[in-house]
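It should be emphasised that the depicted structure is a prediction, and the values quoted were computed from it without experimental measurement. We name chains A, B, ... by the order of the sequence lines, and we start the count at 1 in each one.
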Protein chains: 4
Amino acid sequence: MSAAPRTARGTRTRAKLLAAAETVFASVGYHDASIVKITEAAEVGLGTFYLYFQGKQAIFDEVVEDLNRRVRHAMTEAAKSAGNRLEAERAGFKAFFRFTAQHPALYRIVRQAEFVSPGALRMHYTRIVNGYIEGLKAAQATGEVRPMDPDVAAWALMGIGELIGMRWVLWEDDTGAQPVPREVPDHVFEEMMQFIERALAPGQPHGTEGQPHG
Amino acid sequence: MSAAPRTARGTRTRAKLLAAAETVFASVGYHDASIVKITEAAEVGLGTFYLYFQGKQAIFDEVVEDLNRRVRHAMTEAAKSAGNRLEAERAGFKAFFRFTAQHPALYRIVRQAEFVSPGALRMHYTRIVNGYIEGLKAAQATGEVRPMDPDVAAWALMGIGELIGMRWVLWEDDTGAQPVPREVPDHVFEEMMQFIERALAPGQPHGTEGQPHG
Amino acid sequence: MSAAPRTARGTRTRAKLLAAAETVFASVGYHDASIVKITEAAEVGLGTFYLYFQGKQAIFDEVVEDLNRRVRHAMTEAAKSAGNRLEAERAGFKAFFRFTAQHPALYRIVRQAEFVSPGALRMHYTRIVNGYIEGLKAAQATGEVRPMDPDVAAWALMGIGELIGMRWVLWEDDTGAQPVPREVPDHVFEEMMQFIERALAPGQPHGTEGQPHG
Amino acid sequence: MSAAPRTARGTRTRAKLLAAAETVFASVGYHDASIVKITEAAEVGLGTFYLYFQGKQAIFDEVVEDLNRRVRHAMTEAAKSAGNRLEAERAGFKAFFRFTAQHPALYRIVRQAEFVSPGALRMHYTRIVNGYIEGLKAAQATGEVRPMDPDVAAWALMGIGELIGMRWVLWEDDTGAQPVPREVPDHVFEEMMQFIERALAPGQPHGTEGQPHG
DNA sequence: AATGAATGAGCCTTCATTCAT
DNA sequence: GATGAATGAAGGCTCATTCAT
């Protein structure tokens, strides 16, 4: 059985395990991440693991939860210090990509969750999307964003961030070799923001046929 | 060692194995899909598997390749019969979602590929994205789409399709229960197309730079 | 290292552990009885266990010893208040079955002892059998019991009590469901006593050698 | 999953495992009998075990069943060749003790079954006892055995055999050292038979008080 | 006196793969 | 071409015991 630590030492040990798990899951994936690897990375005895976690799934769920909390925190913090909606949006995405670069675990782990812990997977996406929805609703209220179903737009934004991040943060450029995390190139970021801004902007769309159609 | 089948009977056996593998991978994921399960589903002896495939990874790669070919085929076929770019785009996404609904394996398998076969993962995304890039370039040439980096836009489209598909095709509405594949609701599809059209349309965006757009 | 308690508090703690051990051993058996379970049942810290007992085996031996002492005490006390040998015998068996009903642990634990602690097993049986031997010898001296090897008879009595007790005290009637401890039914007890009395009674056996017994 | 062997080779392998299991269970007991020990004794790969048995419990149950069948077979065979009831009885017990001597596993395993597999435990005792009951009923019909509840008598006989066997077949004489299986000494056997004959013989018991009690 | 965090040997079990038939 | 018996590395997990507090 697992239990919450009852001493300072225990708290430290538990934290070490959680951190190690993030690293191990990120580098070899869920299935090749053995408890032994995790405890070795944490420099802790094998049995110690089971003092604080029920098993592999349990620590996986906690890692996902933890990463999710942190990425959302990073995003909202970044957005807070922005002057207007647009800046907030840029700051949010920047923070998202930066976090992705620093914690490739986020991506790699979440994509595994489909079969490992469907609940964790949904939790992750839903929470972030809910943040977008809030932002979009607020912006709609002030007219900064055109009338639209914020739900659909939010999932679209999530998707854009997800794949742009995958492509430019996690994948190395051309070779299929080991991915080296890094920032999204500036021009890609700007193009992406353009894409999003136009999608959300109020007013008539400008003639997809070159003409307003109506 | 594996080998290409040399008789009609062998060809049939190989095909049965491939089909069984798609089903098994889709329902239990890569790691819980044992060779025994696959051969049982294919109604074939265990040893027979190794007559046609080098191992588990090898058949996985082939399944991904196969699904990828089929989804692209479905998309291009659908687009072909469209009258103009916009219709082609709609038809392409429709086909993509329909395929997703009919072959949840695509999603489930691809998301596993991150650690199982990174090459297959990249192949899958890259090929689809390349299709988008072609389409965007052509549309830019005729002025139907505004000047932009088609690479970035293509990945954005891929992301939108991916997450909208995940959310509305694979997930059941609110409960965390077993997902029931189905079509994307009409209004979601329309909202999504609006989003995309505005993002791609030529002309000035409206009031996103703080200017009054009166 | 373990040690005898040096304070009243310590004595109490030790007793709590012993009582808890009896319960736990009886309900889940030796191997599934973990020290943690015992200390939890005793409401004592895990480490405390090793203050009073050298290990799992040690406390097991003590539990067996304790139960053995108590069952023999119950048997001799019951026999004491009897008027004659026959009554004493009846009272002894009655007490044995009653104890078995109240402490199923005795049975369950002893049967495990074969591999856990062969010494404890022998001690248990030998002590009880020695009691029988004493009784038989005394009865032989007065002619109440026929000449015979008291050793063999004593082990036979032990066996009779053991299996009759197992069958009618520990097992529920016909179903394989959870055993419900209870008393031996009267008629079974009487039949058993008949069996024993005839086996021990002095005089010629009747017609077992093929002679007509007139 | 386990399965019945489908080839001659498989049948041989399964039998080797069963024989090895009997030996291992008998020498170290259920809990210290690991699958590794069993497969090593059977000179078979570890994984092979799970081709034929679901797990440790499953093979344990089969070993008990097998031993039970064999001991009953030995007993009935021996009894068959006897001229009369008394001889049959003697032959049965002799066979029982001989089997015990040659297969100490029977004893040792059954005594463990209490917690390991209560069903197997009951099966074992019940089947043997049922044999006794049949015999007693038949003898009662011919008047060779006095009127009595054959159920109670049968369990008493079982108990006598069990403990006499334990004491003189399995235990070494005085030391607590490793038990060396051997036959029951003649005089013990004769005393035991005397005990039983008197218990079962028809006719008045001879004055437990030295007198018929009227 | 009492506690509980930490440890690691050892157990059961699965499964990809080989090979003799 | 097809089969399935055999293998053993590797993984998740338990638990008796030690030791610092």
Side-chain angles (χ1 to χ4, degrees), chain A residues 1 3 5-14 31-39 44-57, chain B residues 1 3 5-14 31-39 44-57, chain C residues 1 3 5-14 31-39 44-57, chain D residues 1 3 5-14 31-39 44-57:
Chain A
M1 284 298 105
R6 252 165 285 198
T7 68
R9 187 188 177 194
T11 308
R12 248 175 297 133
T13 301
R14 194 180 198 283
H31 283 97
D32 289 342
S34 64
I35 308 297
V36 170
K37 277 178 188 156
I38 293 173
T39 51
V44 154
L46 167 59
T48 308
F49 177 90
Y50 293 92
L51 248 37
Y52 301 111
F53 302 96
Q54 218 125 46
K56 202 165 139 181
Q57 256 245 48
Chain B
M1 283 298 105
R6 248 171 288 240
T7 68
R9 185 187 177 194
T11 309
R12 247 174 301 134
T13 302
R14 192 180 199 282
H31 283 95
D32 288 344
S34 62
I35 306 298
V36 171
K37 274 178 189 154
I38 292 172
T39 52
V44 154
L46 168 57
T48 308
F49 177 91
Y50 290 89
L51 250 37
Y52 299 109
F53 301 96
Q54 221 135 50
K56 199 170 158 183
Q57 257 244 48
Chain C
M1 287 298 107
R6 248 171 287 240
T7 68
R9 186 190 178 192
T11 309
R12 246 175 302 136
T13 301
R14 192 179 198 283
H31 284 96
D32 289 343
S34 61
I35 306 297
V36 170
K37 276 179 189 154
I38 293 172
T39 52
V44 155
L46 168 58
T48 308
F49 177 90
Y50 290 89
L51 252 36
Y52 300 109
F53 301 94
Q54 222 136 49
K56 198 171 159 182
Q57 257 243 48
Chain D
M1 283 298 108
R6 253 165 287 194
T7 68
R9 186 186 178 195
T11 309
R12 249 175 298 134
T13 302
R14 193 179 199 281
H31 283 96
D32 289 342
S34 63
I35 308 297
V36 170
K37 278 178 188 155
I38 293 173
T39 51
V44 154
L46 168 58
T48 307
F49 177 91
Y50 292 92
L51 247 39
Y52 301 109
F53 301 96
Q54 217 126 45
K56 201 165 139 182
Q57 255 245 50

- Message: One character per nucleotide, please: for nucleotides 3-9 of chain E, 5' to 3', B when the base has a protein heavy atom closer than 4.0 Å, S when only the sugar-phosphate does, - otherwise.
- Response: BBBBBBB
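Between Ala33(C) and Ala33(A), the residue anchored nearer the 5' end of DNA chain F, judged by the nucleotide with its closest heavy atom, is Ala33(A).
Here the shortest heavy-atom pairing between His31(C) and His31(D) reads ND1-ND1, 2.8 Å. Shortest non-hydrogen contact noted between Pro5(C) and Arg14(C) is CD-CD, 3.7 Å.
Arg12(D) places its CZ atom 13 Å from the C1' atom of dT21(E), with the value rounded to the nearest Å. To the nearest angstrom, C1' of dC13(F) lies 13 Å from NZ of Lys56(A). The NZ atom of Lys37(C) sits 6 Å away from the P atom of dC15(F) (whole-angstrom rounding). Put simply, OH on Tyr50(B) is 4 Å from P on dT17(E), counting in whole angstrom units. Nucleotide dT14(E) holds its P atom 15 Å from the NE2 atom of His31(A), rounded to whole Å. Here dG12(F) presents its C1' atom at 11 Å from CD1 of Ile38(A), a figure rounded to the nearest Å. Computed from coordinates, the Ile35(C) CD1 to dT14(F) C1' distance equals 13 Å when rounded to whole Å. In this entry the distance linking CG of Asp32(B) with C1' of dG12(F) reads 14 Å, nearest Å.
Residue contacts for Ala8(B): at a heavy-atom cut-off of 4.0 Å it reaches no nucleic acid atom on any strand shown.
Axis angle between the ends of the helix from dA2(E)-dT21(F) to dT21(E)-dA2(F), five pairs each and rounded to 10 degrees, works out to 0°.
Considering CZ of Arg6(A) and CG of Leu51(A), their distance stands at 9.5 Å, rounded to 0.5 Å. With values rounded to the nearest 0.5 angstrom, Tyr52(C) atom OH is found 5.0 Å from Thr13(C) atom OG1. Taking CD1 of Ile35(B) as the start and CG of Leu46(B) as the end, the distance is 8.0 Å to the nearest 0.5 Å. Atom CZ in Phe53(A) sits 11.5 Å away from atom OG1 in Thr48(A) (nearest 0.5 Å).
Considering only residues two or more places apart in sequence or on other chains, Ser34(D) meets the side chain to side chain contact (heavy atoms under 4.5 Å, CB included) condition with Val36(D), Lys37(D).
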